[in-house]
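Notes for the one structure printed next.
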Amino acid sequence: GLGELAMKRVLVYVIEALPEDKRDELEQLILAEKDEELQTFIGTHVPNAPELIQRGIMDTIEEHKRLMQEEAAGAQ
């Protein structure tokens, strides 16, 4: 759904902001499903994470709105 799409987008933004030498460690935490450690890791290595999360959610909502408008316009 929309929430899952937003989370994936946020993850992409976080990965892009993360120093390259930390990406393997991030992957390990994700695969191990260590949520608390993952949050601490992201907070430490991606200081603008809150802004990235907000941007990811807003970008997803805007894209969804655009697609719905295009779909509605095509149905007329």
Side-chain angles (χ1 to χ4, degrees):
L2 196 57
E4 186 177 328
L5 183 61
M7 289 305 299
K8 288 180 181 178
R9 187 176 299 233
V10 167
L11 183 59
V12 168
Y13 291 167
V14 167
I15 291 169
E16 288 174 349
L18 191 66
E20 274 191 49
D21 64 332
K22 298 292 181 186
R23 292 181 183 172
D24 285 340
E25 191 174 346
L26 175 69
E27 182 179 6
Q28 297 293 328
L29 291 171
I30 291 169
L31 293 174
E33 298 182 10
K34 296 184 176 183
D35 294 338
E36 195 170 307
E37 289 179 43
L38 182 60
Q39 289 178 8
T40 301
F41 178 84
I42 290 172
T44 300
H45 299 290
V46 185
N48 64 332
E51 291 86 7
L52 296 176
I53 292 167
Q54 185 175 6
R55 189 176 103 207
I57 292 168
M58 295 306 296
D59 288 354
T60 303
I61 291 170
E62 291 302 316
E63 181 180 17
H64 179 71
K65 286 181 186 176
R66 182 183 55 78
L67 292 173
M68 295 302 286
Q69 288 171 348
E70 288 175 7
E71 187 176 305
Q76 294 179 2

Working to the nearest 0.5 angstrom, can you tell me the gap between Ile53 CD1 and Leu11 CG? 10.5 Å
If you compare all heavy atoms of Ile57 against all heavy atoms of Val10, which two are closest, and at what distance to 0.1 Å? N-CG2, 4.3 Å
Rounded to the nearest 0.5 angstrom, the CD-CD distance for Glu37 and Glu25 is 9.5 Å
Qualifying ring pair (Phe, Tyr, Trp, His ring centres under 6.0 Å) pairs with a residue from residues 19-43, counting only residues at least two apart or across chains: Phe41-His45
Could you check whether any side-chain heavy atom of Glu20 comes within less than 4.5 Å of a side-chain heavy atom of Arg23, counting everything from C-beta outward? yes
Can you tell me how far the CZ atom of Arg9 sits from the CD1 atom of Ile61, to the nearest 0.5 Å? 10.5 Å
Step by step, work out the side chain to side chain contact (heavy atoms under 4.5 Å, CB included) result for Ile42 and Leu18. CA-CA 8 Å; Ile42 290 172; Leu18 191 66; over 6 Å; no
Report yes if some heavy atom in the side chain of Val12 is under 4.5 Å from a heavy atom in the side chain of Glu16; otherwise report no. yes
Going hydrophobic residue to hydrophobic residue with side-chain gaps under 4.5 angstrom, can you get from Leu5 over to Tyr13? no
Does Glu33 have more than 12 heavy atoms from other residues, nucleotides or ligands lying within 6.0 Å of its CD? no
Taking the side chain as C-beta and beyond, is there a heavy-atom pair between Glu63 and Arg66 under 4.5 Å? yes
Considering residues at least two apart in sequence or located in another chain, which fulfil the salt bridge (Lys or Arg N to Asp or Glu O under 4.0 Å) criterion with Arg55? Asp59
Write down the atom of Ala17, the atom of Val46, and the distance for their closest heavy-atom approach. CB-CG1, 3.9 Å
Working to the nearest 0.5 Å, report the span between NZ of Lys34 and OG1 of Thr40. 12.0 Å
Under a single-linkage definition using a 4.5 Å side-chain heavy-atom cutoff for Ile, Leu, Val, Met, Phe, Trp and Tyr, are Met7 and Val14 assigned to the same hydrophobic cluster? no
